[in-house]
Undergrad: 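Structure incoming, see below.
Throughout, a chain's letter reflects where its sequence line sits, starting with A, and its residues are numbered from 1.
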There are 2 protein chains.
Amino acid sequence: MNNSSGLGLRERKRARTSEVIHIAAAELALERGLDAATIEMISDRAGVSTRTFFNYFPTKEDAVLGIDEVAVSAELDRVRGCDEDVFLALFDLITALFEATGGGIKSDLKRDVIRKYPQLMTRQMVRVAELEDRLSAIIAGWLAKDARFAEQSEAEHLDEARIILGVSLATVRITMKKWASDPDPTTGPPASAAPRETYERAIATLRTVLEKLT
Amino acid sequence: MNNSSGLGLRERKRARTSEVIHIAAAELALERGLDAATIEMISDRAGVSTRTFFNYFPTKEDAVLGIDEVAVSAELDRVRGCDEDVFLALFDLITALFEATGGGIKSDLKRDVIRKYPQLMTRQMVRVAELEDRLSAIIAGWLAKDARFAEQSEAEHLDEARIILGVSLATVRITMKKWASDPDPTTGPPASAAPRETYERAIATLRTVLEKLT
DNA sequence: TGACTTTTTGCGTTGCACGCAATAATGCAA
DNA sequence: TTGCATTATTGCGTGCAACGCAAAAAGTCA
């Protein structure tokens, strides 16, 4: 280890390559269109072979989204407690997973490309849904520590966790979609706070609706 | 029109072919595995060319699931009112969409194949999610006629409808997944009632959870 | 340096998805 | 029933995705 980051050259290079491919993929998707951007073009711009491309991302969509399994796992490991509201905590977690890319960089490219191709949002959610087991286990852990759920069994916590996760995911998806389709021409970069509020309102609405539909 | 069904020979033949392909696809998926079953095999068994296959289904998964755009549209057109609970009505609608196949036949094959390959469930839900606009419009219509939502605007109804739809979809998915993974060896065919009850319980749980997490 | 592990790469394979134009099947009217 | 318009089916060809395999390159560490 002859560097400051605590990582060997290999790991650093790997993260860098992942990021380079992601950027190339997202840029080309924006420039040429999602379908028109072929893996060959992307690999070309990234300066790797097409075969190497597949060593980093299983599909083109994943590359465009910059979904990095390692970064996602790291994010999951980091999550331990849940101080605030469970639904809000989940929003933060999901959006964090959302923005977890190779180099740990939150690229605006991703935002732009999803704005242009909302289908990717669904794709992203499917990816998160694949983490269902790991995520619901974490949520069940939160519930277990929560006094309000003290009298319930572990199995019940897990069932509830799955429902909470599913509902949150759906709500985040709707929220993000609304935000992505919103013209919102006046607001600048600090507009990134908006989704969280929109989400809060959506959860509140859900609560109201459920009450009305007793 | 020289037949009893009110459809021309073309329409009937088309529905029949769609069904034949679907059955071939589902059977082969069960026999050989979802990936191992190629479109060539499926077309072969169905007695059509691979090219014709793509005239009926855009992807192999759609063929296995027997997703028929015409049948789905017919199902959506049929839906008009909503007498009972909105969430229950949605469950019925979603499962109806779920079982809408070319010939209008509810094949057990589909059930089996999804049991074996739960990924298809997610796929199916993505398909339903693509109907989001049409479906949420229908739900908004329900809300507009509902006294409990009388004081709200049309836009609010639509927002609520989207949330209700998203949450229902997620819940149905979880319900079906649980049902699909359940060994449930004792119960016979009448077990098909179970999912609806499981769904009801899930919605009830959601209500409780939301109350607790005020 | 030299032996090691890991990564990259080129090559080849399989299968998906679909455009296009020729051919066949069906519907309809005379 | 026959001929014409419409629609369906098919074969052919193309482009691309995804990945296995083994050789070559790059990084690691003694």
Undergrad: Establish, with yes or no, whether the OP1 or OP2 oxygen of C:dG15 is under 4.0 angstrom from a side-chain nitrogen or oxygen of B:Thr38.
TA: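 For C:dG15, OP1/OP2 do not have a side-chain N/O of B:Thr38 under 4.0 Å.
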Undergrad: If I compare all heavy atoms of B:Ala26 with all of B:Val113, which pair ends up nearest, and what's the gap?
TA: O-CG2, 4.2 Å
Undergrad: If you check every side-chain atom of B:Ser49, which of D:dT10, D:dA18, C:dT9 has the closest atom?
TA: D:dT10
Undergrad: Measure CG/A:Leu34 against C1'/D:dC16 and give the value in whole Å, please.
TA: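 Nearest whole value for this atom pair: 14 Å.
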Undergrad: CG of B:Asn55 versus C1' of C:dA25: gap in Å, rounded?
TA: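 After rounding, the reported distance stands at 14 Å.
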Undergrad: Starting from C1' on D:dC16, measure out to CD1 on A:Ile42 and report it in whole angstrom.
TA: 12 Å
Undergrad: A:Tyr56 side chain N/O closer than 4.0 Å to the phosphate oxygens (OP1, OP2) of C:dT8?
TA: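 Yes.
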Undergrad: Which donor-acceptor pairs under 3.5 Å do the side chains of residues 130-139 of chain B make with protein atoms, sequence neighbours left out?
TA:
unit_1: B:Glu130; atom_1: OE1; unit_2: B:Arg127; atom_2: NH1; d: 2.9
unit_1: B:Glu132; atom_1: OE1; unit_2: A:Lys177; atom_2: NZ; d: 3.0
unit_1: B:Glu132; atom_1: OE2; unit_2: B:Arg162; atom_2: NH1; d: 3.4
unit_1: B:Asp133; atom_1: OD1; unit_2: B:Arg162; atom_2: NH1; d: 3.2
unit_1: B:Arg134; atom_1: NH1; unit_2: B:Ser73; atom_2: OG; d: 3.4
unit_1: B:Arg134; atom_1: NH2; unit_2: B:Glu69; atom_2: OE2; d: 3.4
unit_1: B:Ser136; atom_1: OG; unit_2: B:Glu132; atom_2: O; d: 2.6
unit_1: B:Ser136; atom_1: OG; unit_2: B:Asp133; atom_2: O; d: 3.3

Undergrad: So which atom in A:Gly33 and which in A:Tyr117 form the shortest heavy-atom distance, rounded to 0.1 Å?
TA: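 What the structure gives for the nearest pair is CA-OH, 2.9 Å.
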Undergrad: Start at the 5' end of DNA chain D and walk down; is the nucleotide closest to A:Met41 or to A:Phe57 reached first?
TA: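 The 5'-side residue here is A:Met41.
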Undergrad: Taking the minimum atom-to-atom distance to the side chain of A:Phe54, which one of C:dC18, C:dT8, D:dC19 wins?
TA: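 The answer is D:dC19.
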Undergrad: Over how many whole Å does the gap from B:Phe53 atom CZ to C:dC18 atom C1' extend?
TA: 13 Å
Undergrad: Does a side-chain N or O from A:Lys13 land closer than 4.0 Å to OP1 or OP2 of D:dG27, or not?
TA: yes
Undergrad: Are the side chain of B:Tyr56 and the backbone N or O of B:Ala63 linked by a donor-acceptor pair below 3.5 Å?
TA: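 Checked: no pair found.
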Undergrad: Just so I know, are the side chains of B:Phe54 and B:Ile39 near enough to count as touching, which here means a heavy-atom distance under 4.5 Å?
TA: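 Touching, per the 4.5 Å side-chain cut-off.
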Undergrad: Could you check how far CZ of A:Arg16 sits from P of D:dA26, rounded to whole Å?
TA: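 Rounded to whole Å, this separation is 18 Å.
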Undergrad: How many whole angstroms separate atom CD1 of B:Ile21 from atom C1' of D:dT10?
TA: 13 Å
Undergrad: Rounding to an integer number of Å, can you tell me how far A:Asp35 CG sits from D:dT14 C1'?
TA: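 Distance check: A:Asp35 CG to D:dT14 C1' gives 16 Å.
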Undergrad: B:Thr59 near the nucleic acid: base, sugar-phosphate alone, or nothing, with a heavy-atom cut-off under 4.0 Å?
TA: sugar-phosphate
Undergrad: Can you check whether any acceptor in the base of D:dG20 is under 3.5 Å from a donor in the side chain of A:Arg51, or vice versa?
TA: yes
Undergrad: When the distance from NZ of B:Lys60 to P of C:dA17 is rounded to whole Å, what number comes out?
TA: 8 Å
